[in-house]
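Just so it is clear: chains get the letters A, B, ... in the order the sequence lines come, proteins before strands, and each one is counted from 1.
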Amino acid sequence: MELRFYNTLTNSTEVFQPVDSDCVRMYSCGPTVYDFAHIGNFRSFLFADVIRRTLEFFGHKVHHVMNITDVGHMTDDAAADGAGEDKMQAAARRMKEDKKSGKVPEGAVQNPDDPYQIAKYYTDAFLADARTLGVKVAFEYPENILHATANIDSMLEMIGQLIQNGHAYVGPDKVVYYSVESFPAYGKLSGNTLDQLMTGASRRISDENQANKRHPADFMLWKPDSTHIMKWDSPWGAGYPGWHIECSCMARKRLGRDVIDIHTGGEDLIFPHHECEIAQTCGATGQETFSRFWMHARFLLVEGEKMSKSKGNFYTVRDVLQGRVKDDKGQPTGIHVHPSVLRLELIKSHYRGNMNFTQKGLVDSAGAVKRLSDFRAKLEAATGGKAEPVDLSYPILNEFASALADDLNVAGALGAILPWAASNPSDPAKALGALNRINEVLAVAPLHPASEDSGAGSGEAAEIQALCKELDDARKRKDFAAADNLRGQIQKRGYDVKTSPNGTVAEKRLA
RNA sequence: GGGGCGGUAGCCAAGUGGCUAAGGCAACGGAUUGCAAAUCCGUCACGCGAGGGUUCGACUCCCUCUCGCCCCUCCA
């Protein structure tokens, strides 16, 4: 089956073919580790995960690499926003407050003034969240998730190559800049052209800083700064690297190719980040192409609005999982969300449209996850767990695959399998085989055990069971008022109450 | 101002130049139930942001407008 992806580089949907047929090499822009990653970040990471899993579904071997930005970049290279505080310093300040208030566990970060400790704290949190949500590459740390600070050498090497190739220069301020005019293709990815950028509407670039550059769009590769919180020796003085260079270097180094297959990120990274990466890599390698495909996920909205801390709709993964999503009255629901539910919620709509994250959507996704899980349980019961492998000629699998092959149409794929998951297949062993393959991509059923929810406490489970027993007793003696009351109590604690042949059963709600 | 993406029922969300515009949720009717839940059966867009144009025929192609989102500053 032909795989087609929308390529930001050409603004069109193209048939995907790897450069080398042995393996697809893809790189995803990962998180900065100055704070917890939020669900918008994870929409992008999960989008990359779905690409990877889809490629694997179609039989490709995939080498997926992601970066962790732990260099203490300034909030702005040119201090144009007035603050100009180093992000790592800001994190340190926040960390000290959080330690005082007990938000950071005792001993988690010994010394907040050590940027590596802060980076480690948030890196660990990111990896934990990513694994909880089934992001495959997170299980390949540290081989395929690379720290920028561990790769300064290759950045220095690439900067040297760029100077040598005439793509970079040392400005009067001793800063090493990339010369965008030396790279004619600059702007191809984003559609921006140099003259348009020059007259850019933002006007937030300081004149002082611009005076040192040959062109206003020239960007920093290395900044000598002996006062910076994180600094390394270099031929251009002790300092730190520009933001864009790490991805160019680490993709090349770890993937072992000058030209890779797929590069992913959020839509905001198209310009300047990815544009600059292309200029750097191609400037250094002399190739015309850095990545054949550039794929970008649109932004996530929360209840129809931009996510922002001031609006109170800013959620981390753990906020959602631990029931801190607010309902329409602005109160936390208190209902723990199963990771599979959040995963599905964040991947279920097309990546090229804005996604609206809502409490209602979460409940919706919980229903879908439950249906798929119940379906699996039914098939396993019917077959004793013995699945028969099926190929793409199996009708449902074919529909599922066709949708995915068409620019990652997850919603279309779900449209095919959800009614199927409510049916009674005549060949349960084959159906189970199909479900297994489908789940390689979706990874939502069975519910993976990495759930923090599983620690709900055996005490609670026993209590709920006792309440169910009481309920059954009440029903037996036809004390329906008491029964209704007990049912209400159980429901209030986040369980669905069901009547089964073996008496009342309570199931924890998934969202 | 420039570059890019999107607007499909109460909500989420596919899709196609021409059979009856997927699927899910919600809602409604029925079976079932002490009542519910779960489950099962059924109903639910004469319409695809607005207006033009091309066409035998467009929601799908073209133009204009409009709304939303991202970027031109760090940001998934």
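- B/A36 and B/G29: their P atoms are spaced 12 Å apart (whole Å).
- For the P atom pair drawn from B/A22 and B/C74, the interatomic distance equals 46 Å after rounding to whole Å.
- In this entry B/U20 has no Watson-Crick or G-U wobble partner, no candidate having both defining distances under 3.5 Å.
- Heavy atoms of other residues, nucleotides or ligands lying less than 6.0 angstrom from CD of A/Gln465 number 12 at most.
- Across all strands shown, the partner of B/C61 is B/G53, judged by Watson-Crick or G-U wobble contacts whose two distances both fall under 3.5 Å.
- You'll find a donor-acceptor pair under 3.5 Å spanning the side chain of A/Asp484 and the base of B/G34, going by distance alone.
- Residue A/Ser349 has its side chain nearest to B/A13 when only B/C69, B/A13, B/C35 are considered.
- Atom C1' of B/C12 sits at a distance of 32 Å from the matching atom of B/C72, rounded to the whole Å.
- Contact annotation: A/Tyr495 does not reach the phosphate of B/A37 (side-chain N/O to OP1 or OP2, under 4.0 Å).
- The residue A/Asn409 sits close only to the backbone: its heavy atoms come under 4.0 Å of sugar-phosphate atoms, none of a base.
- On the P atoms, B/C41 is 11 Å away from B/G24, given to the nearest whole Å.
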Can you check side-chain contact (heavy atoms from CB on, under 4.5 Å) on A/Asn67 and A/Cys29, steps first, answer last?
-> CA-CA 6 Å; A/Asn67 67 297; A/Cys29 282; 4.2 Å; yes

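- At a threshold of 4.0 angstrom between heavy atoms, the contacts of A/Ile417 with the nucleic acid are absent.
- Salt-bridge check for A/Arg214 with A/Glu181: failed, with every basic side-chain N at 4.0 Å or more from each acidic carboxylate O.
- Here, B/C61 and B/G6 have their P atoms 11 Å apart, quoted to the whole Å.
- The residue among A/Asn192 and A/Leu301 whose nearest nucleotide of RNA chain B lies closer to the 5′ end is A/Asn192.
- Residue-level contact check: A/Phe357 touches neither bases nor backbone, having no heavy atom under 4.0 Å from any strand.
- Residue A/Arg352 places at least one side-chain N or O under 4.0 Å from the OP1 or OP2 atom of B/G6.
- The pairing partner recorded for B/C28 is B/G42, the criterion being a Watson-Crick or G-U wobble arrangement whose two distances lie under 3.5 angstrom.
- When each of A/Ala422 and A/Gly191 is assigned the nucleotide of RNA chain B with its nearest heavy atom, A/Gly191 is the one assigned upstream, toward the 5' end.
- Of the candidate nucleotides B/C69, B/A37, B/A76, B/A76 has the atom nearest to the side chain of A/Met307.
- B/C63 sits 34 Å from B/G23 when the C1' atoms are compared, rounded to a whole Å.
- For a distance-only test at 3.5 Å, the side chain of A/Arg43 fails to qualify as a donor-acceptor partner of the base of B/A76.
- When rounded to the nearest whole Å, the span between CG of A/Leu344 and P of B/C12 equals 16 Å.
- Residue contacts shown for A/Ser190 are limited to sugar-phosphate atoms, with no base heavy atom under 4.0 Å away.
- Across all strands shown, A/Lys348 has heavy atoms under 4.0 Å from sugar-phosphate atoms exclusively, and none from any base.
- In this structure, CH2 of A/Trp420 is placed 21 Å from P of B/A14, rounded to the nearest angstrom.
- B/A27 and B/A21 are spaced 26 Å apart, taking the P atom of each and rounding to whole Å.
- In the set B/C5, B/C72, B/C12, B/C12 carries the atom at the smallest distance from any side-chain atom of A/Asn356.
- A donor-acceptor contact closer than 3.5 angstrom is absent between the side chains of A/Thr281 and A/Glu277.
- With no hydrogens or angles considered, no side-chain donor-acceptor pair links A/His215 and A/Ser179 at under 3.5 Å.
- One finds no salt bridge joining A/Asp261 and A/Arg292 here, because no Lys/Arg side-chain nitrogen approaches an Asp/Glu carboxylate oxygen to under 4.0 Å.
- One interatomic measurement links the two molecules: CZ of A/Arg298 to P of B/G3, which rounds to 16 Å at whole-angstrom precision.
- The pair A/Arg343-A/Asp49 counts as a salt bridge, with a side-chain nitrogen and a carboxylate oxygen less than 4.0 angstrom apart.
- By the criterion of a centre-to-centre distance under 5.5 Å and near-parallel planes under 30°, the ring of A/Phe299 forms a stack with the base of B/A76.
- Put simply, A/Asn354 has no side-chain N or O that comes within less than 4.0 Å of OP1 or OP2 on B/C69.
- The separation of B/C19 from B/A13, taken at their P atoms, amounts to 26 Å, rounded to a whole angstrom.
- Within 4.0 Å of A/Gly361, counting heavy atoms only, lies no atom of the nucleic acid at all.
- In this structure, A/Phe42 has its ring center under 6.0 Å from that of A/Phe126.
- Among the protein residues, A/Asp406 comes within range of the sugar-phosphate backbone only, with heavy atoms under 4.0 Å from sugar or phosphate atoms but none that close to a base.
- Among the protein residues, A/Ile270 comes within range of no part of the nucleic acid, since none of its heavy atoms lies under 4.0 Å from any strand.
- Look at CD on A/Glu303: it is 13 Å from P on B/C11, rounded to the nearest Å.
- Distance A/Leu9 CG to B/G4 P: 13 Å, rounded to the nearest Å.
- Partner of A/His263 under the ring pair (Phe, Tyr, Trp, His ring centres under 6.0 Å) criterion, chosen from A/Trp294, A/Phe5, A/Phe293: A/Trp294.
- Using the Watson-Crick or G-U wobble rule with both distances under 3.5 Å, B/G6 pairs with B/C67.
- Whole-Å rounding puts the A/Tyr34 OH to B/A76 C1' distance at 15 Å.
- Across B/A76, B/C72, B/C35, the shortest atom-to-atom separation from the side chain of A/Arg475 is found for B/C35.
- Look at CD on A/Glu267: it is 8 Å from C1' on B/C71, rounded to the nearest Å.
- Residues meeting the side-chain contact (heavy atoms from CB on, under 4.5 Å) test with A/Asp268, sequence neighbours left out: A/Phe299.
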What nitrogen or oxygen pairs link the protein and nucleotides 23-29 of chain B at under 3.5 Å?
from: B/C25; atom 1: OP1; to: A/Arg371; atom 2: NH2; distance (Å): 3.3
from: B/C25; atom 1: O4'; to: A/Asp364; atom 2: OD1; distance (Å): 3.2
from: B/C25; atom 1: O2'; to: A/Asp364; atom 2: OD1; distance (Å): 2.9

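- At the heavy-atom level, A/His350 lies under 4.0 Å from the strands shown only through sugar-phosphate atoms.
- Across all strands shown, the partner of B/G1 is B/C72, judged by Watson-Crick or G-U wobble contacts whose two distances both fall under 3.5 Å.
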Evaluation steps, salt bridge (charged side-chain N to carboxylate O under 4.0 Å, His left out), between A/Asp364 and A/Lys360 | CA-CA 6 Å; A/Asp364 233 56; A/Lys360 203 167 171 239; over 6 Å; no

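- The distance from atom CZ of A/Arg509 to atom C1' of B/A37 is 11 Å, rounded to the nearest whole Å.
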